[in-house]
Amino acid sequence: MRLRPFSLALASPLRTAREELTEREGFLVAVGGPKADGEAFGDARTTGIGEATPLPGWTESLPACEAALREAAAEPTRQGAVLADLDARETPAARHGLALALDDAAARDAGRSLAAHLAERVRRVDRSELPEPAGSVPVNATVGDGAPESTAAAAERAVEDGYRCLKVKAGARTLEEDLDRLRSVRQAVGPAIALRVDANGAWNRSSARRALDRLEPLDPAYVEQPLPAADLAGTADLRAASDVPIALDESLAERSVEAVLDSDAADVLVIKPMALGGPDRALDAALRARENGVDPVVTTTIDAVVARTAAVHVASAVPDVLPCGLATAELLSSDLAADPCAIDGGRIEVPDGPGLADGTFDGLL
Ligand SMILES: O=C(O)CCC(=O)C1=CC=C[C@@H](O)[C@@H]1C(=O)O
Ligand SMILES: [Mg+2]
């Protein structure tokens, strides 16, 4: 197993209620492939590439991720066993990096796409009816916090580019200011565009209640994380009292998927493979949500191209998935490699070659 650290700047800061994201740092992970002397690295003969890009609040810190990966890399063989030792709750980003690299290698060995490989494994274990993955996935445009005019302008540009679903950040300003922004967006894009609002846990129980009441006339598709991550009981009450659908995101980093589903607090679960500990675990969480009457939406932690492509594969394996938060390439000022997933008409294409993208990323480390 080999590691390569990377750091990528955002094209412009993504402002949310909880932070201002300016850069993404992480590690590329490679397994398998021939060494210079012809010997294989580890167990796998085929190369597999993964990415671990931690985001505190959703995952472990960068140093904790690095420590877990370096410990895993010190084990020369038996990467499957090393993977089992990586704790998906303690170090989800590190586990994501290795799990993705191993699944990329296994998918390439089997001559099928990562999505087809993940779906086939699920079918063999417990869901024999899972259909073949889709060839493309609907995506939302992501609009950060900003003044009403710039928020509406960003929304309008996205619709001109073909998006039918927008996700707009809220909660960084007063409710009145957010309402101004969101009204401007609704006015600019018209009634047919789905409008999601992400508060990143900024409100308390009473301000969230007020926010949902006031947002309702703007017909939001859902409000994401209205309350702090741990307040599942408050969110369940809020959901029972309002017709505005609720999505939970940060709550999945705080509580297990079962606990969140059992709490009856969500109409939608926001599935971030990096935060859930790997593409395999993300697909399982998405399918479990669906089986419990909750819609999964797959997004990333604003990852680099390797993990973003993996998330596209995960989303494509979820039948009839809602628009996903996977159109984030342009939030980065540069990337590790060219993006293999074209976006057109509000849909992202899923690479259909073997593994993640038919070895496109092999030269990266
Ligand atoms: O879901 C999307 O449209 C893109 C991803 C995205 O919005 C986020 C990624 C990482 C951190 C967050 O502030 C944000 C989110 O909360 O969903
Ligand atoms: Mg969110």
Does a side-chain heavy-atom distance below 4.5 Å link [X] with [Y]?
X: Glu60; Y: Pro92; answer: yes
X: Pro351; Y: Thr309; answer: yes
X: Thr53; Y: Phe6; answer: yes
X: Leu248; Y: Val268; answer: no
X: Arg4; Y: Leu364; answer: yes
X: Val139; Y: Arg347; answer: no
X: Leu175; Y: Ser207; answer: no
X: Pro54; Y: Thr301; answer: no

Considering all heavy atoms of both residues, which atom of [X] and which atom of [Y] are nearest to each other, and what is their separation?
X: Leu69; Y: Leu3; answer: CB-CD1, 3.8 Å
X: Leu166; Y: Ala158; answer: CD2-CB, 3.7 Å
X: Met274; Y: Ala307; answer: CE-CB, 3.6 Å
X: Ile49; Y: Ala30; answer: CD1-CB, 4.0 Å
X: Ala285; Y: Leu276; answer: CB-CD1, 4.1 Å
X: Arg89; Y: Ala253; answer: NH2-O, 3.6 Å

Return yes if some donor-acceptor pair links the side-chain N/O of [X] with the main-chain N/O of [Y] below 3.5 Å, else return no.
X: His117; Y: Gly355; value: no
X: Ser242; Y: Leu238; value: no
X: Thr151; Y: Gly146; value: yes
X: His96; Y: Glu51; value: yes
X: Arg24; Y: Ile302; value: yes
X: Gln225; Y: Ser251; value: yes
X: Thr59; Y: Leu55; value: yes
X: Asp178; Y: Gly171; value: yes
X: Arg239; Y: Ile246; value: no
X: Arg186; Y: Gly190; value: yes

Has [X] got more than 12 heavy atoms of other residues, nucleotides or ligands less than 6.0 Å from its [atom1]?
X: Arg183; atom1: CZ; answer: yes
X: Glu216; atom1: CD; answer: yes
X: Glu23; atom1: CD; answer: yes
X: Asp320; atom1: CG; answer: no
X: Gln187; atom1: CD; answer: no
X: Asn204; atom1: CG; answer: yes
X: Glu349; atom1: CD; answer: no

Charged N to carboxylate O under 4.0 angstrom, [X] versus [Y]?
X: Glu129; Y: Arg123; result: no
X: Asp280; Y: Arg95; result: yes
X: Asp161; Y: Arg157; result: no
X: Arg181; Y: Glu177; result: no
X: Asp145; Y: Arg173; result: yes
X: Arg210; Y: Asp213; result: no
X: Arg281; Y: Asp284; result: no
X: Glu291; Y: Arg127; result: yes

Taking atom [atom1] of [X] and atom [atom2] of [Y], what is their separation to the nearest 0.5 Å?
X: Asn292; Y: Leu287; atom1: CG; atom2: CG; value: 11.5 Å
X: Leu356; Y: Asp362; atom1: CG; atom2: CG; value: 9.5 Å
X: Thr16; Y: Asn200; atom1: OG1; atom2: CG; value: 4.5 Å
X: Leu10; Y: Leu331; atom1: CG; atom2: CG; value: 6.0 Å
X: Leu227; Y: Trp203; atom1: CG; atom2: CH2; value: 9.0 Å
X: Leu252; Y: Ile271; atom1: CG; atom2: CD1; value: 5.5 Å

**Message:** I'd like to know whether Asp103 forms a salt bridge (charged side-chain N to carboxylate O under 4.0 Å, His left out) with Arg108, so could you lay out the CA-CA distance, the side-chain angles of the two residues, the decisive distance to 0.1 Å, and finally the verdict.
**Reply:** CA-CA 8 Å; Asp103 273 336; Arg108 287 159 75 174; over 6 Å; no
**Request:** Examine Arg18 relative to Trp58 and say whether NZ or CZ is less than 6.0 Å from the centre of the six-membered ring and inside a 45° cone about the ring axis.
**Result:**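 Cation-pi check for Arg18 and Trp58: passes.
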Spell out, yes or no, whether [X] and [Y] are grouped together once hydrophobic residues are joined by side-chain heavy atoms under 4.5 Å, including indirect joins.
X: Leu332; Y: Ile348; value: yes
X: Tyr222; Y: Leu195; value: no
X: Val223; Y: Val297; value: no
X: Val306; Y: Ile343; value: yes
X: Leu100; Y: Leu102; value: no

**Item:** Check: Asp352/Ser113 side-chain N/O donor and acceptor closer than 3.5 Å
**Value:**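 The answer is no; no qualifying pair exists.
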**Item:** Test side chain to side chain donor-acceptor pair (under 3.5 Å) applied to Arg308 and Asp303, Asp339, Thr299, the passing residue
**Value:**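 With Arg308 as partner, side chain to side chain donor-acceptor pair (under 3.5 Å) holds for just one option, Asp339.
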**Message:** Could you go through Val122 and Val125, starting from their C-alpha distance and side-chain angles, then the distance that decides it, and tell me whether this counts as side-chain contact (heavy atoms from CB on, under 4.5 Å)?
**Reply:** CA-CA 5 Å; Val122 165; Val125 177; over 6 Å; no
**Asked** Testing Pro245, Pro220, Pro323 for side-chain contact (heavy atoms from CB on, under 4.5 Å) with Arg196, which one passes?
**Response**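 That would be Pro323; it is the only one of Pro245, Pro220, Pro323 passing the side-chain contact (heavy atoms from CB on, under 4.5 Å) with Arg196.
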**Prompt:** Considering residues at least two apart in sequence or located in another chain, which fulfil the salt bridge (charged side-chain N to carboxylate O under 4.0 Å, His left out) criterion with Lys167?
**Reply:**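 For Lys167 the salt bridge (charged side-chain N to carboxylate O under 4.0 Å, His left out) partners, ignoring immediate neighbours, are Asp198, Glu224.
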**Request:** In sequence, state the C-alpha distance, the side-chain angles, and the governing distance for Thr47 and Val31, and then conclude on side-chain contact (heavy atoms from CB on, under 4.5 Å).
**Result:** CA-CA 6 Å; Thr47 304; Val31 297; over 6 Å; no
